[in-house]
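So that the names make sense, note that chain A is the first sequence line, chain B the second, and so on, each numbered from 1. All values derive from a computational prediction rather than experimental measurement.
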Amino acid sequence: MTAKNYAENYKGADLLAVAAAREVNDGDIVFAGTGLPMLAIALAQITNAPNAVCIYEAGSIDGRPKDLPASVGDARCATQSSMCAGLTEAFYGQLHCGYVDLAFLGGAEIDQYGNVNTTVVGNYAAPSKRFTGSGGNPDINSFARRTVFIMVQEKRRFKEHVDYITSPGWVIPQWPSGEMKPKKEVYGKFFNGGPSAVITNMGVFRFDDNGVIYLDTVHPGFTPEQVKDNCSFDLNISRCKGETEKPTVEEIDLLYKKVDPEGIFLP
Amino acid sequence: MTAKNYAENYKGADLLAVAAAREVNDGDIVFAGTGLPMLAIALAQITNAPNAVCIYEAGSIDGRPKDLPASVGDARCATQSSMCAGLTEAFYGQLHCGYVDLAFLGGAEIDQYGNVNTTVVGNYAAPSKRFTGSGGNPDINSFARRTVFIMVQEKRRFKEHVDYITSPGWVIPQWPSGEMKPKKEVYGKFFNGGPSAVITNMGVFRFDDNGVIYLDTVHPGFTPEQVKDNCSFDLNISRCKGETEKPTVEEIDLLYKKVDPEGIFLP
Amino acid sequence: MGKINKITLKEAAGLINDGDMLSFSGFTIWRRPMAMIYEMVRQGKKNLHLFEVNGGTHTEVLAGAGCVKLWESCWVGHELYGKLGEAVARGQVEGTIVVEDYSHAHCVARLLAGAYGLPFFPTALSMGTDILNPKFDMFGKAGLRDGSNPKIPLKKYDVIPDPMYGKGDILLMPAANPDWAIVYAQQVGDEGTVRVLAQTYVDAEVIKAAKKVIVIAEEIVPDSYLRDEPALNIATGYAIDYVIELPYGAHPTGSQFFYDVDADFIRAFYQASKSGDGYKKWADEWIFGVATHEEYLEKLGANRLMKLKANSVMGYSTTVKRGTR
Amino acid sequence: MGKINKITLKEAAGLINDGDMLSFSGFTIWRRPMAMIYEMVRQGKKNLHLFEVNGGTHTEVLAGAGCVKLWESCWVGHELYGKLGEAVARGQVEGTIVVEDYSHAHCVARLLAGAYGLPFFPTALSMGTDILNPKFDMFGKAGLRDGSNPKIPLKKYDVIPDPMYGKGDILLMPAANPDWAIVYAQQVGDEGTVRVLAQTYVDAEVIKAAKKVIVIAEEIVPDSYLRDEPALNIATGYAIDYVIELPYGAHPTGSQFFYDVDADFIRAFYQASKSGDGYKKWADEWIFGVATHEEYLEKLGANRLMKLKANSVMGYSTTVKRGTR
């Protein structure tokens, strides 16, 4: 194998997509949401994971879009798919059935246990702001063996406690009591896994054995301290093993020429 | 309307099929089992019920067979069907969903409440003989608004108590207690109806307000007393309103020339 | 031989009563029955109860016009063309809309139960989230779970231990059985057989779950054509109560193999929807400013529709500009 | 790009262990994986646990050979060509087979639960029947519901009151998750996409519910061909573990658009199956008398197969004699 030719010029979103793509193992069955996750799986399929397949919640399974879909319900998702059904098939026939290895999702707010909020700001009963809502985020995340969240790094988004737990992390409330428990206890024999990585514009985060987030690698141009300063909770940076691997020239090339030539997610 | 031209020569099975066909109301959604029920619905669709549609449990809905199917799973059922899916669609998407007006079924044994046995002879835990088993008979019968059973009239088949209640009549056991109760009580708000007629080679039977079977019409060539003699229970023949209407020459013609020209169910 | 009951858009919307429970075909910004949405706004429907597996531009058009009182769903927005559902958000924040959040798969479970005539459907998805927080049972807090409204279940959800294999707790999600399914389908047969192209979303389930079904057909075709490939059809004629034949009846949402999403139109609506005044101006132009669907299409113009027209092989427009390059 | 794992019939049957729980594709006498059934008999499988939504000729071949210990289903016979399931009946009467009866829709509910990863599935069908009589819980009476066999639920069924709308009692049916789904499909793609033609029966559910899946393909075709109409496919390549390509692999059962049911063959088997000796003679000729599927086809002969061959437009044989006229 020849030495990699790393790119010098790339945008934050490029690194996000590339780092996310590298989380895909070859052969993974990936359930991806709209946006950067679509870029990441598309890139992975033409680089490190040619045998990975992608499920979209609108019902296309292992599609081979000729043109990048703009959302998971897009007609483009269906092109040359192995199955094209609906949500019942995607959520129950595939996800609840246990086929999904990797979930690729986004989020507005996250806490140190990987609990994600995409629903409201403030008290849900009287919110100050409404986001889109859960969509399939908590469903896909709750049953996939691994979940990768792709997010924007801001102090107000990396919180001690999120305002509303839309999507379950490693320590979650068990209803009706609401007692906080490890996900494994709440899910019993339905437990498959949980969040494995969070990728932001500043670094790559993972979770320790207690389900607590820590900084794994910091993106080129940032310091672990800067990342810590952009979290409201006391981020563990002691395990940071260095810089995130840069995108290669080839990866950037593929992203802009093959994956998103129209500039849909990469302006 | 001109006077009907009744046939003089016909077999028992012919009358069974014709009498059954006459139970179909135009526009009925009919869920039919294998055998004579298939002849009956096919005949009804070209005589008194052109807008009736037929569902077969294997998954074909409103098919228009060019050749008579030999069973409900037959490829012939699918020809020009409106939908061709599977059992989940037939049993849950159509039957449990509440679309079915009329069930057309058979049975080996029946009691005075319309409970039917197609499973075993003797004590189920140690039977002396095994029949085919329930198939979809109890499912279709339990949720259809009306059920018509097509059976052979024999003393040993018309019993005080059937050996095993495969398919529910008007008075049935409520489990786990096993207390016998009106079907309406056992099914609660899931109640849609129940057995409306039993057609044998000797007569047409219906059920009174208490869900007890009685002789409605006797086939030409038989007397009510003969029918009563062919029941193990004390059959109510007091409401018998006369002879079953004979098949017309046209109906027999259609049965042998259009419905079953190959002689599959009508040798 | 079945037949279809063809009616006009005005007649169809006239059948919907204030307070009715509605659900729709499609997915976010794809295959939504927009012509009916616009006509319901024109007719000033009030207090509608929407159960939607997911919301979209159509939801925002209804919510912005003040037609919606109850909204049960998991998501509302315009995908890439409008980040949030501003009208629903405003309704929730201001308290004019009672919002009941479920997860996407919870909504599917509820609709599946409704489609199969089951009172509930089990699921283990999205446990341990605030969706299940009893404090956030908004219909319950509003006193709507007393059984007086037969369309609203006594509980938001239930939890039972698995009695069969001891796998642990599992959720039971209540059935959703709307008064009306308002569906847009690409092809409806002259006997009522329904076919949608590409992803089927939850269209088949919506049709079964609803008491009555109105379908906007992009085109009406011979049933015999649809019956040549029955496995591709999602509903039979007896499941459909009314049919309206309207070309581009889903615009600005997309219709696979007929036309693409009108991104510019949705972006403009989204900007307008950020304020009540903005919405009003937009509605005055695009809903009240046109008396009929035909006037709406005329206003859009032939060339705009041609740009959106799907490539008949690919199923989407290959000429519309989608991104920045 | 997925690939398929092609193996031989002998290898495939060799994967099945005595005592394994099996389920099959097809419906009564249609699309059964007969070549695998014969090979399992040749290899002398024992104590098999069959969960079948419905039984058929294949069940009788296995039961007659003494391969079956547990049978959970609702029906067994040969349709028009053999009134009863004689071998299963003999096993039940003599006590060599433990029979657990459910209704047809109960079996579907059990398989659907298995396919969706749910521990149970609700249904109100077939209430008030002896199927639910606790005295007739045969697995329970045999002491099989103690949790020691993870494939056997702790209860035959459960009853709970509807907590959502107060509709009354409803049944919960336990999931069925066989060790193996043994499937016959007309077309399998070179990446494993599976398509069956005409009725799909419960084939998609059987594939999902099973831990491992073996598919006998009438023919292997390019995946790209199947992907041109993805709505017609019932499974993706990653759901399939092994593929065997065998023409006429479902004979004597029918395969829509490839060949019809071999009624004479099934009638003859049915007559033979009425006694243990009869079955043995039949098996000596048709199972043990041929070493391979190719020898079996040779023994049937070209003209017999041609008679059964489906008319490519109608999907069934238009030349075979079916009735008395």
In terms of heavy-atom contacts, does CD of B:Glu185 have more than 12 from other residues, nucleotides or ligands at under 6.0 Å?
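Correct, the count exceeds 12.
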
Tell me whether the count of non-hydrogen atoms from other residues, nucleotides or ligands lying under 6.0 Å of NZ in C:Lys212 goes above 12.
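Check fails, neighbour count at 12 or below.
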
Under 4.5 Å, counting heavy-atom pairs only, tell me which of B:Phe143, B:Phe190, B:Tyr92 racks up the most with chain C.
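Heavy-atom pair counts peak at B:Tyr92.
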
Look at C:Gly192, C:Ala209, C:Ala239 and state which one has the largest set of heavy-atom pairs under 4.5 Å with chain B.
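Heavy-atom pair counts peak at C:Ala239.
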
Please report the closest heavy-atom contact between B:Cys97 and C:Lys208, naming both atoms and the distance.
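Shortest heavy-atom separation between B:Cys97 and C:Lys208 comes out as SG-O, 3.6 Å.
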
Looking at C:Thr193, C:Asn233, C:Thr236, which hits side chain to side chain donor-acceptor pair (under 3.5 Å) with B:Ser82?
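The option that passes is C:Thr193.
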
Rounded distance (nearest 0.5 Å) linking atom CD1 of B:Ile61 with atom OH of C:Tyr238:
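Answer for the CD1-OH pair, B:Ile61 versus C:Tyr238, is 4.5 Å.
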
Hey, could you give me the CG/SG distance between C:Leu232 and B:Cys84, rounded to the nearest 0.5 Å?
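Rounded to the nearest 0.5 Å, the CG-SG separation comes out at 10.5 Å.
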
Verdict with reasoning, B:Glu89 to C:Tyr116, per side-chain hydrogen bond (donor to acceptor under 3.5 Å, both in side chains):
CA-CA 9 Å; B:Glu89 178 63 26; C:Tyr116 287 173; 5.6 Å; no

Measuring heavy-atom distances to chain B, does C:Ala115 have an atom under 4.5 Å in its side chain, in its backbone, in both, or in neither?
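The answer is the backbone of C:Ala115.
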
Should C:Asp223 and B:Gln80 be marked as a side-chain contact (heavy atoms from CB on, under 4.5 Å) after you check the CA-CA gap, both sets of side-chain angles, and the distance that decides it?
CA-CA 9 Å; C:Asp223 233 75; B:Gln80 279 286 303; over 6 Å; no

Please check if the side chain of C:Arg227 supplies one atom and the backbone of B:Met83 the other of a donor-acceptor pair under 3.5 Å.
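Not at all, since once roles are kept as given, no pair shorter than 3.5 Å links the two residues.
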
